[in-house]
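Not measured: the values here are computed from a predicted model. Within every chain, numbering begins at 1; the chains are lettered A, B, ... in the order of the sequence lines, protein sequences first and strands thereafter.
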2 protein chains.
Amino acid sequence: MYSDSEILKIIKNGISSLDLNKKPSGLYAPIEYIISVGGKRIRPRLALLTYNLFCSNIDEKIIYPALALEIFHAYTLVHDDIMDKSDRRRGQLTIHKKWNENTAILSGDVMSILAYKYLAYVPEERLSDVYSLFTDTAIKVCEGQQYDMDFEKDPAITMEEYKDMIGKKTAVLIACAAKLGAIIAGVEDKVAQALYIFGYQLGMAFQITDDYLDVYADPNFFGKNVGEDIVDNKKSWMQVETLRYTEESDKKRLFEIMSMSRDEAEAKILAMKEMYAKIGIKEHAEKEIKKYYISAMKSVEDIGLDEEKINRLKNFAEMLITRKN
Amino acid sequence: MYSDSEILKIIKNGISSLDLNKKPSGLYAPIEYIISVGGKRIRPRLALLTYNLFCSNIDEKIIYPALALEIFHAYTLVHDDIMDKSDRRRGQLTIHKKWNENTAILSGDVMSILAYKYLAYVPEERLSDVYSLFTDTAIKVCEGQQYDMDFEKDPAITMEEYKDMIGKKTAVLIACAAKLGAIIAGVEDKVAQALYIFGYQLGMAFQITDDYLDVYADPNFFGKNVGEDIVDNKKSWMQVETLRYTEESDKKRLFEIMSMSRDEAEAKILAMKEMYAKIGIKEHAEKEIKKYYISAMKSVEDIGLDEEKINRLKNFAEMLITRKN
């Protein structure tokens, strides 16, 4: 099997081979920019990994479809950043800031089509399964983003609603990546489906880790400002869990903290972390992440993978939940 | 063969059968709204017509892919209307006005994915051809919109540049519709390609007719205000042709007219129409539209269609270029 760093290199070379230096440059230059800015490349890495569990020859029929997921993911970020009015992403200016909003809309639009273009590299006999998997996933991702926006106006969503939202917005695309590699490798449905569940559970663990890092990351390694979600009252696993466990007598204080303004950012973060500590939110989150991780690993127990292969999935999963940024 | 009004009825029923009454309603209600607002349904009509030239049983394997083109077309309008800051479309409020910009972005995004969902109804052995045709087309449509925006800042684009832009922005999707019906009907490549060219030439005639109607439409039948393109100095066939044929001695006057403000809308339209009359722009445009129409009909001369079928294509083409709105 290829090592994770070899897989990353394949992805890097694949990205360089994408034909994005095209006209009109007003459309393609922003795409080249956002794709090169980087990121963890989690989705293509996972797709190449699950493919490589069953097939040794990594070539364009898996590389370009794996990159299609990266392009789609980047596209959702481009449009989400417009909707959230975010100026920076991965430390760089967002497209609508560096260029303008119209450019971000249209370059994003063509990226979602480019995802389909690169998906088409799959072997013809897998086309129907792959397109249907991807289309279902992409629809859910849009639905998840809509719920995320809806929930902004809703002070008290349940944990069930929150999990449904992150399931759609984040987990299904990671699940899709895991299953995509398996489908292209030509495994039987049962195995592909087990990898889908693996990816889904891992995606949930990944998103809750994201929410956790916002509060507890080491600022020396974290790419963003710690506590941003708290300052913005953003819906996160931590916030929803806190609303759930805060005792009635403390709720007034909780809402007071939530109504603190951006000018009091530091005090707000500190006060909220005190509330978290009182009900042990850090430990709750760690337990929840572990629960999803165990569940992910359990889903691939009985699909005939040898120890080396199980360990590769395990290492990948652990990397996602022990990361520092 | 089905008559044009029977085909329209099939489209209407097909649209009612789309599963758009879904949650989250913030995402799907705007889609249902914009799809129901209507329009001429040119693309699905043409796809059903070219399919029906070769196959008599119109069923879901052609109806849903034909509707996919309508959904895609509506999606481009939703996003174009944000970019152009248009408040109304077909006499109704645009989505970003009726709801807000974020809704228009995200509902549009899911529409482009829904287009792929409905395309997937084609027979499996046509899937690869159909996806590749559609993806190439969709990329060109985005490129055309980018050129359109680029050209807004460019006072003197050539007719060649203008035609390339409308070719991408408008003609390729009509060409795609004509070819889609033929592919799904299972005709040989040569015939499908002839219908693509038919659609492309017709699409050019259609767009120039659009530009023509902006100036010369009968206000009693025209859905929009006559002369809007003139008031906004919008790039149109009329404007590009005028720049090309206006004599040097008249150019100063032309630019004076173009710099007139919205407050002088009526005077501006009148003055520009005088310039048009001086160089016979109306006749130029009529000649150009006819040229494309003839070329469209010529492209389907030798593909073995009987007179009835040729007449159906002819009637459809004539309807597009003699329309009053």
Side-chain angles (χ1 to χ4, degrees), chain A residues 22-28 30 72 75-76 78-80 82-85 100-120 122-125 127-128 130-132 134-153 165 168, chain B residues 22-28 30 72 75-76 78-80 82-85 100-120 122-125 127-128 130-132 134-153 165 168:
Chain A
K22 283 175 67 171
K23 284 190 173 176
S25 60
L27 186 65
Y28 288 104
F72 180 80
Y75 145 69
T76 63
V78 171
H79 279 194
D80 286 4
I82 307 173
M83 296 185 234
D84 299 342
K85 307 200 185 310
N100 55 59
E101 211 172 289
N102 284 359
T103 296
I105 292 173
L106 193 60
S107 293
D109 286 349
V110 82
M111 286 169 83
S112 90
I113 310 291
L114 288 176
Y116 279 98
K117 174 178 161 175
Y118 290 109
L119 268 190
V122 303
E124 184 142 359
E125 67 274 19
L127 205 55
S128 170
V130 164
Y131 271 44
S132 133
F134 179 74
T135 298
D136 285 350
T137 302
I139 289 172
K140 286 194 183 111
V141 172
C142 293
E143 291 176 354
Q145 169 68 2
Q146 180 68 43
Y147 281 120
D148 198 10
M149 295 199 300
D150 290 347
F151 290 170
E152 271 173 33
K153 297 162 222 144
M165 184 271 282
K168 290 192 160 84
Chain B
K22 283 175 66 172
K23 286 189 171 180
S25 60
L27 186 67
Y28 288 104
F72 180 80
Y75 144 70
T76 63
V78 171
H79 279 194
D80 286 5
I82 307 173
M83 297 184 233
D84 299 342
K85 305 199 187 309
N100 55 59
E101 212 172 290
N102 284 0
T103 296
I105 293 173
L106 192 60
S107 293
D109 286 349
V110 81
M111 287 170 82
S112 90
I113 310 291
L114 288 177
Y116 278 97
K117 173 178 161 176
Y118 289 110
L119 269 189
V122 304
E124 183 141 2
E125 68 273 19
L127 210 52
S128 170
V130 164
Y131 277 143
S132 132
F134 180 74
T135 298
D136 285 351
T137 302
I139 289 172
K140 286 194 183 111
V141 172
C142 293
E143 290 176 355
Q145 169 68 3
Q146 180 68 43
Y147 281 121
D148 199 9
M149 295 199 300
D150 290 347
F151 290 170
E152 271 172 33
K153 299 161 221 145
M165 185 271 282
K168 290 193 160 85

Among the listed options [options], the residue most often paired with chain A at heavy-atom distances under 4.5 Å:
options: B:D84, B:N100, B:N102; value: B:N102
options: B:I113, B:I82, B:V110; value: B:I113
options: B:L106, B:I105, B:V141, B:T135; value: B:L106

Value rounded to 0.5 Å, distance of CG in A:D109 from OG1 in B:T76: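 Reported value, rounded in 0.5 Å steps: 9.5 Å.
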Euclidean distance, A:T103 OG1 relative to B:M149 CE, rounded to 0.5 Å: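 Between atom CE of B:M149 and atom OG1 of A:T103 there are 5.5 Å.
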Between A:D150 and chain B, which part of the residue has a heavy atom less than 4.5 Å away: side chain, backbone, both or neither?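 Only the side chain of A:D150 comes within 4.5 Å of chain B.
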Between A:Y75 and chain B, which part of the residue has a heavy atom less than 4.5 Å away: side chain, backbone, both or neither?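 Interface part for A:Y75: side chain.
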Just so I understand: if I count every heavy-atom pair under 4.5 Å between each of A:G108, A:G26, A:A120 and chain B, which residue has the most?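 Heavy-atom pairs under 4.5 Å are most numerous for A:G26.
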Select one option (side chain, backbone, both, neither) describing which atoms of [X] are under 4.5 Å from chain A's heavy atoms.
X: B:Y28; result: side chain
X: B:K23; result: both
X: B:S112; result: side chain

Give me the ring orientation class for B:Y131 and A:Y131: parallel if the planes are under 30° apart, tilted from 30 to 60°, perpendicular past 60°.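 Because their plane-to-plane angle lies in the 30° to 60° range, the rings of B:Y131 and A:Y131 count as tilted.
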Who passes salt bridge (Lys or Arg N to Asp or Glu O under 4.0 Å) against A:K117, sequence neighbours left out?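 Scan of A:K117 (salt bridge (Lys or Arg N to Asp or Glu O under 4.0 Å), adjacent residues dropped) gives none.
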Salt bridge (charged side-chain N to carboxylate O under 4.0 Å, His left out): pairs with one or both residues in residues 134-148 of chain A, sequence neighbours excluded: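 Residue pairs with at least one partner in residues 134-148 of chain A: A:D148-A:K169.
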Can you establish whether the number of heavy atoms outside A:K22 located under 6.0 Å from its atom NZ is more than 12?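 Enclosed: over 12 neighbouring heavy atoms sit under 6.0 Å from NZ of A:K22.
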How close do B:Q146 and A:P24 get, counting heavy atoms only, and between which atoms?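 Between these two residues, the closest heavy atoms are CG-CG, 3.6 Å.
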